[in-house]
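For ligands, and for the atoms within them, numbers begin at 1 and follow the listed sequence.
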Amino acid sequence: MSKSAKQEINNKMEKLMSLLKRRGFIFQSSEIYGGLQASYDYGPLGVELKNNIKKAWWKKFVTNRIDMVGLDAAIIMHPKTWEASGHLQNFTDPLVDCKKCKRRFRADHLLEAKSLEPGYDKEKPLQITEIPCPECEGQLTDIRQFNLMFKTFMGSVEEDASVVYLRPETAGGIFVNFKNVVDTMRMRVPFGVGQIGKAFRNEITVENSIFRTREFEQMEIEYFVHPDEWQEKFEEWLVSMKEWCQFLGIREENLVTREIEGDELAFYSQRTVDFEYKFPFGQKELYGLAYRTNYDLTQHQNFSRQNLEYTDPDTKEKYIPHVIEPSLGVDRSFLATLLEAYTEVDGGRSTTTKSIKDMEVMLKIPYELAPVKISVLPLSKKEPFLQTAQEIIKRLSNDYNIQYDITGSIGKRYRRQDEIGTPFCITVDFDTDEDNKVTVRDRDTMKQERVGVEELEQYFASRLK
Ligand code: ATP
C-alpha cells in the first residue's frame with residue numbers, strides 16, 4: 001500500500017476519533033487528571049449508541065427467540081471458576097520487553113507484523129530475538145507468558161485465601177448457572193443463554209482507541225446442543241451473526257469470515273470462525289464463533305463435583321450438552337458501526353444554496369441505532385415557534401430521544417444533526433402557525449415533507465419503530 005493511501009486510512013480513524021470527542025461520544029477516562037491510558041468513557045451520545053446496540057442485540061438474540069433466555073451474572077466469581085475454565089493456567093499472552101527503552105510488546109503481534117513486510121521468507125520462521133524493538137531498535141528479551149486476569153482481594157484481609165479475579169469474559173457466569181437455568185426455566189436442548197456485561201483483561205498492549213482496552217463489554221451466548229446437531233446449529237449461528245453485522249451497516253466487502261485452523265484452534269474446539277473487520281489499522285477480529293464441545297460443562301462438573309448432565313425429557317438420554325459460543329464485543333461493534341457510518345460529502349449536501357460549501361461530515365448510522373432520533377428546530381426564537389416546538393417535544397419524547405436546537409442558521413443546525421447521525425429534523429417554520437404543519441427532513445434522502453403536528457406520532461411510528 002502506498003504511503004499516501006496509508007495516511008488517508010489513518011486519517012479516517014483520526015478524523016472519526018476527533019469527531020467522537022468533539023460531539024460527546026467518547027472521552028478519555030479521568031481526563032482532568034491527565035487521563036488513564038486506554039481507558040475510555042462513553043459520553044452522552046456514545047452511551048445512547050452503545051445502549052441501542054445492546055438493546056438491539058438483546059432483542060434479536062434473546063427476547064425475540066423462544067429458545068433463548070438472558071442472564072446477568074456477577075463480575076467477581078468464585079476463583080475455582082477460573083481454575084476449571086483454564087484461565088488461571090492458560091489465559092496468557094506472550095510478552096517481551098525492550099532491554100533499552102523498557103517498553104512492552106506482545107510477541108505474537110510483532111511476529112505477525114514482521115511476516116506482513118515485503119521480502120519475508122515463510123520458509124524461515126523468525127525468532128522474536130531477531131526482531132528489533134519497533135520503538136528504539138533496541139534488543140528484545142525472550143518471551144514470557146503473562147496472565148491477563150486482573151487480581152484483587154475480597155473482604156478486609158489481603159491474603160492468598162481472599163484472592164479473586166475480575167472476569168476476563170462473561171461466558172463463565174453462564175456455565176456456572178447452567179443447572180439453575182435448566183431447573184428454573186425448564187429449558188430443553190437446544191437452547192441458549194445470552195449475557196451482556198463488562199469483562200477485564202490486563203492486555204499487554206492496548207491499541208487503536210476502543211478496539212483493545214483493559215475494560216470492555218461483551219455480548220455472549222452459550223448455545224447448548226446435543227453433540228449430533230452441532231454442525232447444523234453452527235451453520236445457523238454463522239448466518240445469524242452475518243445478519244447482525246449487516247444490521248450494524250457493515251458492508252460485505254469489509255467483513256471476512258476466517259476459519260481458524262492448526263495451532264490457532266483451541267484443543268477442545270472442532271470449529272472456530274473469526275469474524276474479521278477491515279479496520280483502517282488492519283484486518284482484525286471483530287467477533288468469534290466457536291464450537292467448544294462439552295469441554296466447559298465437563299470441567300465445571302469435575303471441579304464443582306456437581307452433576308451438570310442434562311436428561312432429555314423424551315428419550316431419557318443423559319449427557320453433558322455441547323456448546324456453540326457466539327462472542328461479540330460491544331466496543332468493537334460500536335467502532336465498526338461508526339467507521340461504516342462515517343461519510344464525507346465534498347462541497348456540502350445542500351443542492352439548493354449556491355454559496356460555496358465546505359466538505360460536510362455525516363454519520364449514516366442505521367436509524368434504529370442512532371443516538372438522537374429526531375431534532376426539533378424552530379426557525380425563530382419568538383412565539384408561537386417556541387411553544388409549538390415544546391408541544392412537538394411533548395408528543396414525541398416518550399418514544400424517541402430528541403434534541404432541541406435554536407441556535408444558528410438552519411443550514412448549520414442541519415449540519416450539526418448530520419454530524420451525529422440524527423435521522424429526522426423537524427423545522428417549525430413560518431407557515432406552521434397557519435396550517436399547523438411542520439417540515440420533516442430525512443437525513444439520508446434529504447427529502448422534505450410537510451406533516452401535520454397531530455400526525456407526527458404516526459408518521460415516525462412507521463419510520464422509526
Ligand atoms: P483478540 O485476538 O483481538 O485479543 P480474542 O480472541 O482474545 O481477541 P475473545 O476472547 O474471543 O477475543 O473475546 C470475544 C470478543 O470480545 C472479541 O471478538 C472482541 O469483540 C471482544 N474483545 C476481546 N478482547 C477485547 C479487548 N481487549 N478490548 C475490546 N474488546 C475485546
Side-chain angles (χ1 to χ4, degrees), residues 26 29 36-42 46 50 53-54 57 61 82 85-87 90-95 105-113 145-150 166-175 194-222 237-238 241-242 244-245 248 250 255-261 263-266 268-269 271-279 281-292 295-296 323-339:
I26 298 178
S29 161
L36 180 67
Q37 192 209 9
S39 202
Y40 295 92
D41 297 339
Y42 286 81
K50 200 179 182 203
I53 290 173
K54 291 192 280 184
W57 181 90
F61 293 115
W82 310 117
S85 66
H87 281 87
N90 305 320
F91 194 56
T92 56
D93 272 342
L95 164 93
F105 305 95
R106 259 181 71 173
D108 53 335
H109 285 178
L110 294 185
L111 288 165
E112 189 191 321
Q145 292 302 328
F146 173 76
N147 195 296
L148 299 183
M149 282 203 293
F150 275 97
L166 302 187
R167 65 181 176 200
E169 57 178 34
T170 55
I174 301 180
F175 290 122
Q195 176 168 223
I196 300 179
K198 290 258 177 171
F200 302 82
R201 296 181 188 180
N202 200 1
E203 300 273 4
I204 295 165
T205 47
V206 275
E207 52 188 348
N208 300 312
S209 156
I210 54 171
F211 173 78
R212 187 184 303 286
T213 50
R214 297 191 172 104
E215 172 181 343
F216 56 97
E217 237 176 323
Q218 290 184 314
M219 308 182 279
E220 288 197 302
I221 292 165
E222 301 307 325
W237 278 107
L238 266 179
M241 283 177 70
K242 282 182 189 161
W244 169 256
C245 293
L248 295 184
I250 295 176
L255 188 71
V256 178
T257 48
R258 187 168 71 88
E259 294 282 342
I260 302 299
E261 283 161 336
D263 283 354
E264 256 195 288
L265 191 65
Y268 47 76
S269 174
R271 189 174 176 198
T272 294
V273 173
D274 272 1
F275 280 62
E276 297 185 337
Y277 178 70
K278 292 182 185 167
F279 288 98
F281 42 85
Q283 182 178 312
K284 302 210 180 250
E285 177 173 330
L286 178 64
Y287 306 138
L289 174 64
Y291 166 50
R292 301 176 58 92
Y295 173 77
D296 306 272
V323 80
I324 293 166
E325 181 186 77
S327 182
L328 289 78
V330 176
D331 312 80
R332 288 186 194 177
S333 307
F334 182 98
L335 185 57
T337 302
L338 287 168
L339 282 164

message: Against Phe91, only a single residue in Glu169, Arg201, Gln145 fulfils side-chain contact (heavy atoms from CB on, under 4.5 Å); can you say which?
response: Arg201
query: Should the pair Tyr295 and Tyr268 be assigned to parallel (<30°), tilted (30 to 60°) or perpendicular (>60°) ring geometry?
result: parallel
- request: Look at the rings of Phe275 and Tyr287 and say which category their plane angle falls in: under 30° parallel, 30 to 60° tilted, over 60° perpendicular.
  value: tilted
field: Donor-acceptor pair, side chain of Glu220 and main chain of Ala171, under 3.5 angstrom
entry: yes
message: Tell me every residue that passes ring pair (Phe, Tyr, Trp, His ring centres under 6.0 Å) with Phe150, counting only those two or more places apart in sequence or in another chain.
response: none
- line: Distance filter under 4.0 Å, heavy atoms only, around ligand 1 gives Arg201, Glu203, Phe211, Arg212, Thr213, Phe216, Gln218, Glu285, Leu286, Tyr287, Gly288, Ser327, Gly329, Arg332
task: List the steps, then state whether salt bridge (Lys or Arg N to Asp or Glu O under 4.0 Å) holds for Glu203 with Arg106.
output: CA-CA 9 Å; Glu203 300 273 4; Arg106 259 181 71 173; 3.8 Å; yes
